[in-house]
Amino acid sequence: MSKIEMTTPLVEMDGDEMTRILWKMIKDELILPFVDLKSEYYDLSLENRDATDDLVTVQAAEANKKYGVSVKCATITPNKQRVEEYNLKKMWKSPNGTIRAILDGTVFRAPILIDSIKPAVRNWKEPITIARHAYGDVYKATELRVTEKGKAELVFTNEQGEETYRETVYNFECAGVLQGQYNKDSSIRSFAHSCFKYALATKQDLWFSTKDTISKQYDQTFKLIFEEIYESDYKSDFESAGIEYFYTLIDDAVARVIRSKGGFIWACKNYDGDVMSDMVSTAFGSLAMMTSVLVSPDGNYEYEAAHGTVTRHYYRYLKGEETSTNPMATIFAWSGALYKRGELDGLDELCDFAKRLEAACIRTLDDGIMTKDLVGLVSDGTKAVAVNSHEFIKAIRQRM
Ligand code: NAP
Ligand code: MG
């Protein structure tokens, strides 16, 4: 058969450990036989990041900005132990952090659903996508533990050195704790644009929630910025797409999410997104079935799996043992990126291929052929056989 042609290169970011092994299997078995892959390849393995003084990560992010779409393999974020293990020059920063800083993007996480794995919340029928504002708030807070009586104040000094605000936080009559948080309009605006853009791209309603009734300046600012940007830039597009922007108090959002059928995007402040994404992904089943896409406010996309490099499996693989690591989220990163590339370049065949690839994956699971992690999750009465990663990928290829 003749292979599907591409016009613009896809930015390909290779990674580490078990996911790097899966990466090659996926390309060899599921992509290269069908697509005349045009990719600009960046090796983000820890060895190569170290060899290039992490320049390769910056170059990959710049390429993502230039071409618009990338697919990324999971990568090691080094800690002290990794510095020793890989004999690194430095404890390099998280590649995802570097890429996110360059693209200024928001991460959207959504589960892959199959019939035989029922979400813990019975009425959830469609995926719930969580968008986390990954900037500021408690993650960049300044904290104090105070151990004597005294007055705590919030003070703002402008560039000219004039004190323009001073508020008493609390008069401490005993020991206590104190915290200063901040966020920036520019970051909230980028977050809002990414959310509205992704809602339009995926034709899903967008929910946003904060605690603005209690936080009358801080959270209120988030609410107002979203409202303003919706009214000025997105309202008419939302109306013609038949989707809705819906703001509600975080408590109300939690209650509605649990009662919902799913099928929408839930934009959350940093802390809410951190907590709720773990709740939602656990309730849907497995981290190995979580997809992730970084969307920049100017419309660049980076697709990846939400999980890491699956180190424990990799060490078994190195000992020559067979592993049953689930490649679903990494395959869906490829299909998501190829679909987006096809959409941007007007290549219907490429979009069609991406959809067929996803359908073949789902059919394989529906046929009861699964990696080990999923076998324990399937509902009673479903016949499931555990296979290794390579057998699973082969089974998908057969169905292609
Ligand atoms: P992890 O790689 O996500 O794996 C944690 C555990 O979850 C695994 O040991 C495995 O459980 C299960 N799991 C995750 N993905 C799976 C899959 N595809 N198939 C089957 N089981 C899966 O997290 P980690 O072990 O904490 O981190 C490993 C490395 O990944 C770290 O160096 C970290 O820096 C990096 N990381 C990278 C990213 C990224 O690039 N986006 C994200 C997170 C972590 P069992 O062992 O019980 O089977
Ligand atoms: Mg978390």
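Order of appearance sets the numbers: ligands from 1, and atoms from 1 within every ligand.
- Between Phe284 and Trp124, the ring center distance clears the sub-6.0 Å criterion.
- Listed by number with element, the atoms of ligand 1 under 4.0 angstrom from any heavy atom of Ala288 are 16 (C), 17 (C), 18 (N), 19 (N).
- Proximity of the aromatic rings of Phe191 and Phe226 is defined here by a centroid distance below 6.0 angstrom, and this criterion is met.
- In this structure, atom 2 (O) of ligand 1 has protein heavy atoms in its sub-4.0 angstrom surroundings.
- Every residue meeting the side-chain contact (heavy atoms from CB on, under 4.5 Å) condition with Leu377, not counting sequence neighbours, appears here in chain and number order: Ile117, Ser286, Leu374.
- Annotation: side-chain contact (heavy atoms from CB on, under 4.5 Å) contacts of Leu200 (sequence neighbours excluded): Tyr234, Asp237, Phe238, Ala241, Ile243.
- Close to ligand 1: Lys72, with a non-hydrogen atom less than 4.0 angstrom away.
- Judged by the shortest distance from any of its heavy atoms, Glu17 lies outside the 4.0 Å radius around the atoms of ligand 1.
- Here the protein heavy atom with the shortest distance to atom 34 (O) of ligand 1 is Thr77 N, 2.9 Å.
- Only the side chain of Asn96 comes within 4.0 Å of ligand 1, judged by heavy-atom distances.
- Using a 4.0 Å cut-off to heavy atoms of Ala74, the atoms of ligand 1 that qualify are 40 (O).
- Here Glu304 has side-chain heavy atoms under 4.0 Å from ligand 1, and that is the only part of it that gets that close.
- Summarising the geometry, atom CD1 belonging to Ile265 is positioned 4.0 Å from atom OG1 belonging to Thr202; distances are rounded to the nearest 0.5 Å.
- Among the atoms of Asn326, some N or O lies under 3.5 angstrom from an N or O of ligand 1.
- Taking every heavy atom of Thr311 and a limit of under 4.0 angstrom, the matching atoms of ligand 1 come to 28 (C), 29 (C).
- Using the six-membered ring where Trp is involved, Phe264 and Trp207 have ring planes that are parallel, under 30° apart on the 30 and 60° scheme.
- Side-chain contact, Arg132 with Asn270: a donor N or O sits under 3.5 Å from an acceptor N or O.
- Between Phe208 and Tyr245, the gap from one ring centroid to the other reaches at least 6.0 Å.
- At least one heavy atom of His313 sits less than 4.0 Å from an atom of ligand 1.
- Heavy-atom proximity to Thr325, at under 4.0 Å, picks out these atoms of ligand 1: 17 (C), 18 (N), 19 (N).
- If you look at His307 next to ligand 1, the close heavy atoms, those under 4.0 Å, come from the backbone and the side chain alike.
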